[in-house]
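To start, the structure itself, in C-alpha cells.
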Amino acid sequence: MRPAPTILHLDMDAFYASAEQAAKPSLRGKAVVVGGLGPRGVVATASYEARVLGVHSAMPTAQARRLAPNAAYLVPRFSLYRSVSEQVMELLGRLSPLVEPLSLDEAFVDLEAGGVADDTVSARRMGERLRTAIREVTGLSGSVGLAGSKMLAKIASEQAKPDGLALIEPGTERELLAPMSVRTLPGVGPATGDHLRRAGMTTVHDLAEAGEAELVRLVGKAHGHGLYRMALGLDDRPVVAERDAKSVSVEDTFDVDLHDRVRVRAEVERLAVRCVERLRSADRSGRTVVLKVRRYDFSTLTRSETLRGPTDDPTVVREAAARLLEAVDTTGGVRLLGVGVTGLADYTQEDLFAQAADARELAARASEVSEKPVAEDSKPVEEEPESAEQLAARRWPAGHDVRHTVHGHGWVQGSGVGRVTVRFEEPGGPVGRVVTFRVDDPELSPADPLPLVRDPVDYSSWPASLPKSRSGPVSAAGGESRP
C-alpha cells in the first residue's frame with residue numbers, strides 16, 4: 001500500500017455505445033445497444049440510457065429487445081474502438097512508463113513512476129487533467145479512480161461512474177470497504193459470493209471479522225488468504241507495463257447450426273485468416289494452433305496441433321486448423337467455431353515454405369480420405385441456403401459505415417426485403433436525413449469509420465503543460481471526489 005493515491009484506474013464510460021453515440025448525432029441521448037444481433041447474439045455494451053431500462057452486458061440480445069424495443073441495435077465496429085483506444089493509451093503513456101492495459105477501454109497507470117504525482121493534491125489534479133484530455137482528443141468521457149493500490153483504484157473508478165473522479169485517501173480503506181458487498185472484491189463472483197452468503201458473510205466487514213483461518217476453511221488456502229488481505233484493504237500488486245498475451249483467438253457463434261461439412265470447413269479457414277490478422281497486428285507469431293468446436297448439444301471440443309516453429313503465415317494456420325477439423329465429428333450440427341494460436345513468440349520460423357508444403361500434403365491426404373464413397377444409406381444433411389435478408393444483413397451490418405456517391409458518408413440503420421436504409425450524418429454534425437436504397441445499389445459501398453473528433457487539440461506536450469482548447473482555456477474536469 002502506498003502512502004499517496006498515485007495509482008490511477010481509468011475506465012471509459014459505456015465505451016462501445018458511447019463511441020457510437022458520438023459518431024451518430026441522431027443517437028445522442030438515446031438508448032443504444034452494441035452486440036450480436038442474431039437469435040444467439042449477446043450484448044457487448046449498452047448505453048446508460050439502455051441500462052436504465054434493464055439492459056446490461058452479456059445479456060442475450062433477444063432479452064434486451066424485450067426490455068428496450070425502441071433502442072438502436074448496432075453491430076460492433078472494432079476498427080473504430082481500437083482507433084479510439086490507441087488515442088487514449090497514448091495519453092496514458094505520456095503520463096507514465098508504467099501503464100497496464102486491461103482491455104480496449106480500461107487501464108491502470110502508476111503516476112508516481114511518471115513523476116507527475118506524489119501526493120493527494122497532485123494526483124487529483126492529474127486525474128482531472130487526464131479526463132479533460134480524453135474528452136478533447138476523443139470526444140468521449142472516462143471515469144477515474146485514484147488510490148494507493150490497484151484494487152482500491154478500480155473500486156474508486158466504479159464509484160465515479162459515469163463521467164467522474166473519485167479518490168480514496170490512504171488510511172481510510174477499511175472504513176470505506178466495510179459496508180460494501182463481498183462481490184465488490186476482485187475474484188468474488190456469483191458462486192463464491194453465494195457460498196459466503198450461506199456462511200453468513202455478505203459485507204467486506206463480515207470477511208474481516210471472520211478472520212483468515214475461517215476464510216481459508218471456506219474457500220481454500222490461496223483464495224482465503226488473498227480474500228482476507230483484500231478485506232483489510234491490503235493490495236501490493238504493482239502496475240505492470242507489459243502484460244504478455246498468452247494466446248490470440250477469434251470465434252463466431254452462428255444463428256443457425258451448421259451441418260454442411262464444406263460450410264464448416266470454410267468458416268474454420270475464414271476464422272484462421274482473421275486470427276492471423278490479429279496475430280500480425282500484435283507483431284507476434286505462434287507455435288500451437290487450437291480449434292474450438294461447440295456442437296448442437298452445447299458440448300465443446302478443443303483440438304490442438306504444435307508446429308515445428310512459430311509462424312504468422314495464414315496458409316500454415318489455416319491448413320493446420322483444417323486438419324484439426326478432420327478429427328471432429330460435426331454431423332449433429334455446429335453452433336460455434338473458434339481458431340486460436342498459443343505459444344506466442346516475437347519471431348517466425350524461417351522454414352515456412354517447407355512447413356506449408358508439408359501441411360498441404362497432409363491436407364491433400366485428408367481430402368482423399370474424405371472423398372471416399374459413402375454408404376448408400378448415409379444421407380448428408382442439406383444446409384439451408386441463406387435468405388436474401390440474411391445476405392443483406394451480412395453485407396450491410398446495422399450501424400456500419402457506408403458511402404454514397406451523391407449523399408456522402410452515412411451509416412446503416414437496417415436492411416430487409418431487398419432494401420437498405422441509411423442515415424447520412426457525420427460525427428459532430430447535425431442529425432442527418434434517412435434514405436432507402438436497393439441492397440445492390442451500385443452507388444452505395446461500405447466505408448471506413450470517420451474520426452470522432454475531426455480537429456483534436458494537440459497534446460504532444462502533455463503532461464508538461466495543459467493546452468488550450470478551441471474555445472478557450474480548458475477547465476478542470478468536474479467530478480465528485482469521494483473519501
Side-chain angles (χ1 to χ4, degrees), residues 1-15 17-18 45-52 54 56-58 88 92 95 99-103 105-112 117 119-135 140-190 193 202-208 227 229-235 237 239 476-483:
M1 292 294 296
R2 297 185 176 185
T6 55
I7 292 182
L8 180 149
H9 180 259
L10 169 71
D11 195 353
M12 300 295 289
D13 299 321
F15 183 46
S18 294
T45 306
S47 69
Y48 287 99
E49 295 85 355
R51 295 181 190 188
V52 171
H56 58 77
S57 300
V88 173
L92 299 183
L95 291 180
V99 176
E100 183 177 340
L102 304 180
S103 62
D105 62 336
E106 186 180 1
F108 287 109
V109 184
D110 188 333
L111 299 179
E112 186 176 341
D119 59 14
T120 298
V121 174
S122 58
R124 178 183 285 112
R125 181 174 62 246
M126 190 50 61
E128 291 171 343
R129 292 177 64 182
L130 173 63
R131 292 182 58 243
T132 300
I134 289 173
R135 187 177 293 279
L140 305 180
S141 67
S143 295
V144 167
L146 294 157
S149 70
K150 291 167 70 172
M151 178 187 75
L152 291 167
K154 185 171 176 62
I155 290 174
S157 69
E158 283 296 319
Q159 288 186 320
K161 281 186 168 295
D163 194 16
L165 181 149
L167 185 148
I168 299 176
E169 286 279 9
T172 66
E173 296 89 357
R174 292 195 63 178
E175 180 183 357
L176 176 80
L177 289 171
M180 293 184 177
S181 166
V182 295
R183 292 287 306 277
T184 304
L185 301 180
V188 181
T202 59
T203 68
V204 177
H205 172 77
D206 295 335
L207 299 181
L227 200 57
R229 284 182 56 82
M230 289 189 292
L232 300 179
L234 303 176
D235 177 20
R237 293 175 299 159
V239 177
E480 181 181 356
S481 298
R482 303 173 185 170

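Positions are given from 1, in the same order as the sequence printed here. Quick caveat, the model's predicted, so the values are computed rather than measured.
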[X] side chain near [Y] side chain, heavy-atom distance below 4.5 Å:
X: T202; Y: V182; value: no
X: E100; Y: K150; value: yes
X: E175; Y: H205; value: no

Quick one: does any side-chain atom of [X] pair with a main-chain N or O of [Y] as donor and acceptor, under 3.5 Å?
X: E173; Y: G171; value: yes
X: T172; Y: I168; value: no
X: D235; Y: S149; value: no
X: R51; Y: A46; value: yes
X: S143; Y: D163; value: yes
X: S18; Y: A14; value: yes
X: R183; Y: G193; value: no

Heavy-atom pair with the smallest gap, counting every atom of [X] and [Y]:
X: A123; Y: P5; answer: CB-O, 3.3 Å
X: S122; Y: A117; answer: OG-CA, 3.4 Å
X: G148; Y: I7; answer: O-CD1, 4.0 Å
X: M12; Y: S141; answer: CE-O, 3.7 Å
X: A156; Y: A166; answer: O-CB, 3.3 Å

Would you compute the distance between atom [atom1] of [X] and atom [atom2] of [Y] and round it to the nearest 0.5 angstrom?
X: D13; Y: R131; atom1: CG; atom2: CZ; result: 8.0 Å
X: T132; Y: R135; atom1: OG1; atom2: CZ; result: 8.5 Å
X: L176; Y: L152; atom1: CG; atom2: CG; result: 7.5 Å
X: L140; Y: F15; atom1: CG; atom2: CZ; result: 6.5 Å
X: L111; Y: L8; atom1: CG; atom2: CG; result: 5.0 Å
X: R229; Y: L207; atom1: CZ; atom2: CG; result: 15.0 Å

Side chains of H9 and E158: do they bring a donor and an acceptor to under 3.5 Å?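 Not at all, the side chains of H9 and E158 share no donor-acceptor pair under 3.5 Å.
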Step by step, would you call V204 with R174 a side-chain contact (heavy atoms from CB on, under 4.5 Å)? CA-CA 9 Å; V204 177; R174 292 195 63 178; over 6 Å; no
Test side-chain contact (heavy atoms from CB on, under 4.5 Å) on T120 and L146; report intermediate values, then the result. CA-CA 9 Å; T120 298; L146 294 157; over 6 Å; no
Lys/Arg-Asp/Glu bridge criterion (N-O < 4.0 Å) met for D11, K154: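 A salt bridge is absent here (no side-chain N lies under 4.0 Å from a carboxylate O).
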Apply side-chain contact (heavy atoms from CB on, under 4.5 Å) to residues L177 and M151 and explain how you reach the verdict. CA-CA 11 Å; L177 289 171; M151 178 187 75; 4.1 Å; yes
With salt bridge (Lys or Arg N to Asp or Glu O under 4.0 Å) as the criterion, how do R2 and D110 come out once you've worked through the C-alpha distance, each side chain's angles and the decisive distance to 0.1 Å? CA-CA 11 Å; R2 297 185 176 185; D110 188 333; 2.5 Å; yes
Given the rule in the side-chain contact (heavy atoms from CB on, under 4.5 Å) test, do L102 and F108 qualify, once you have shown the distances and angles that lead to the verdict? CA-CA 8 Å; L102 304 180; F108 287 109; 3.6 Å; yes
